[in-house]
Amino acid sequence: MRRPLLGLLLCSTVLLSSCETLNQTAQVLSQSLGTPTSSEIASGLKQALELGTSASAERLSAKDGFLGNLTIKLLFPPEAQKAEKTLRSLGLNSLCDNVITSLNRAAEDAAIEAKPIFISAIKQMTISDATSILLGNQSNAATQYFERVTNSQLNAKFQPIIQSSLGKVGATKYWGDVVSRYNQIPLVSDINPDLTAYVTQKAIQGLFVEIAKEELKIRQNVSSRNSLLLQKVFGYADKQK
């Protein structure tokens with residue numbers, strides 16, 4: 001029994017050592033590539049942002065992209081959470097679960113539509129924008145930039161898709177059942193929040209949460225810089241801290 005355990009420990013040690021060596025090698029390489037030009041800074045940042053935003057949109061558009069992510073999973077709208085608690089206490093767990101699943105499926109349907117919007121925003125980014133984002137003090141500067149320049153476009157693009165999807169995945173029916181059952185309970189205030197607006201808002205918020213993760217990863221993890229240009233540009237940014 002000792003030999004397999006020893007072998008496992010040795011493999012783990014080698015793997016951890018390899019990851020550390022990879023980071024060290026990439027760090028040395030990035031520092032030896034010299035100072036990037038303004039054009040290289042813009043190109044490098046745009047390359048990183050296109051990779052990050054595409055990865056985020058694709059990840060969230062997959063099945064359970066929202067539902068399986070506890071950080072951004074859509075729950076009942078705040079004004080309806082009391083209703084959810086009441087209905088669950090009456091044994092209507094399945095109905096409530098169906099609502100939550102369908103809301104997240106609608107968000108997943110819309111997520112992939114963010115890619116062309118982000119790519120367009122990246123193409124329009126100026127050298128000045130790129131330099132400020134790369135060398136600024138905030139680790140989520142790029143995410144903030146996207147929120148500022150794409151939020152209205154995302155909202156306009158997501159709303160009709162989510163509205164259509166809510167009907168397709170059964171959310172409208174499940175929600176109608178929830179509202180009907182809850183409003184039948186004596187002495188409760190009627191509920192009927194705008195599901196389309198709610199899911200649209202939460203889907204966009206979730207998207208930016210994931211983009212912020214991607215941005216932080218490439219800023220902090222040297223091994224995530226998978227091209228010479230990214231190594232040069234972000235290595236330079238590291239040295240400016």
Side-chain angles (χ1 to χ4, degrees), residues 49 51-118 139-140 142-144 146-147 150-182 191-218 220-221 224:
L49 295 180
L51 290 171
T53 54
S54 294
S56 298
E58 289 168 6
R59 185 163 61 245
L60 293 185
S61 67
K63 184 178 180 181
D64 294 337
F66 276 89
L67 187 63
N69 186 332
L70 295 181
T71 304
I72 59 174
K73 178 181 178 180
L74 276 74
L75 303 175
F76 268 58
E79 61 268 46
Q81 287 175 6
K82 181 180 178 181
E84 178 190 11
K85 185 176 181 180
T86 300
L87 293 173
R88 288 189 185 278
S89 72
L90 297 175
L92 297 173
N93 289 319
S94 179
L95 176 58
C96 293
D97 290 343
N98 285 338
V99 168
I100 290 173
T101 297
S102 61
L103 296 182
N104 283 276
R105 293 289 181 252
E108 290 160 9
D109 279 350
I112 198 64
E113 298 299 327
K115 282 182 66 173
I117 293 174
F118 286 134
S139 61
N140 66 340
T143 304
Q144 290 184 15
F146 282 128
E147 287 188 86
T150 67
N151 195 73
S152 60
Q153 295 177 66
L154 289 171
N155 192 73
K157 187 72 173 180
F158 277 26
Q159 278 222 17
I161 296 170
I162 286 173
Q163 186 171 15
S164 173
S165 182
L166 287 172
K168 183 181 71 176
V169 299
T172 304
K173 176 186 180 302
Y174 295 136
W175 183 249
D177 292 343
V178 162
V179 171
S180 176
R181 295 297 294 269
Y182 183 70
I191 57 164
N192 195 19
D194 185 337
L195 275 192
T196 299
Y198 169 70
V199 175
T200 299
Q201 177 192 25
K202 298 299 287 185
I204 293 172
Q205 288 177 356
L207 188 60
F208 287 130
V209 167
E210 291 302 296
I211 289 173
K213 289 180 183 178
E214 291 291 329
E215 180 178 1
L216 189 62
K217 183 169 69 175
I218 198 164
Q220 295 186 343
N221 188 350
S224 295

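Because the structure is predicted, anything quoted here is derived from the model rather than measured.
- A heavy-atom distance below 4.5 Å is not found between the side chains of N69 and V209.
- Judged purely by atom type and a 3.5 angstrom limit, E215 uses its side chain to pair as donor or acceptor with the backbone of A142.
- When all heavy atoms of I162 and A106 are compared, the closest pair comes out as CG1-O, 3.9 Å.
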Notebook entry, point to check: Does the pair T71 and K213 meet the rule for a side chain to side chain contact (heavy atoms under 4.5 Å, CB included), with working shown?
Noted result: CA-CA 12 Å; T71 304; K213 289 180 183 178; 4.3 Å; yes
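- Between L195 and T172 there is no side-chain heavy-atom pair separated by less than 4.5 Å.
- Inter-residue side-chain proximity for V169 and D109 is flagged as met; some heavy-atom pair is nearer than 4.5 Å.
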Next item on the list: Show the numbers, then the answer: is there a side chain to side chain contact (heavy atoms under 4.5 Å, CB included) between D177 and L92?
Entry: CA-CA 11 Å; D177 292 343; L92 297 173; over 6 Å; no
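- Atom CG of L95 is separated from atom CD1 of I100 by 10.5 Å, given to the nearest 0.5 angstrom.
- By the 4.5 Å heavy-atom criterion applied to side chains, F66 and L103 are not counted as neighbours.
- Looking at heavy atoms from C-beta onward, T150 lies in side-chain contact with F208 at the 4.5 angstrom threshold.
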Note to self: Please evaluate residues D97 and R88 with respect to the criterion side chain to side chain contact (heavy atoms under 4.5 Å, CB included), reporting the C-alpha separation (whole Å), side-chain torsions for both, the decisive distance (0.1 Å), and the verdict.
What the structure shows: CA-CA 10 Å; D97 290 343; R88 288 189 185 278; 2.8 Å; yes
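- From L49, atom CG reaches atom CZ of F146 across 4.5 Å, with rounding to the nearest 0.5 Å.
- The backbone N or O of E147 sits nowhere less than 3.5 Å from a side-chain atom of N151 that would complete a donor-acceptor pair.
- Note that OG of S102 is 10.5 Å distant from NZ of K173, once rounded to the nearest 0.5 Å.
- The list of salt bridge (Lys or Arg N to Asp or Glu O under 4.0 Å) pairs with a residue in residues 57-67, not counting sequence neighbours, reads E58-K115, R59-E210, R59-E214, D64-R105.
- Counting heavy atoms from C-beta on, the side chains of F118 and L154 come closer than 4.5 Å.
- A 4.5 Å side-chain heavy-atom check between N104 and K73 finds at least one atom pair inside the cut-off.
- Inter-residue side-chain proximity for Y198 and F76 is flagged as unmet; no heavy-atom pair is nearer than 4.5 Å.
- When the shell of 6.0 Å around CD of Q153 is examined, it contains more than 12 heavy atoms from other residues, nucleotides or ligands.
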Notebook entry, point to check: Can I191 and E79 be said to form a side chain to side chain contact (heavy atoms under 4.5 Å, CB included), step by step?
Noted result: CA-CA 8 Å; I191 57 164; E79 61 268 46; 5.8 Å; no
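- Distance check: L87 CG to K82 NZ gives 12.0 Å after rounding to the nearest 0.5 Å.
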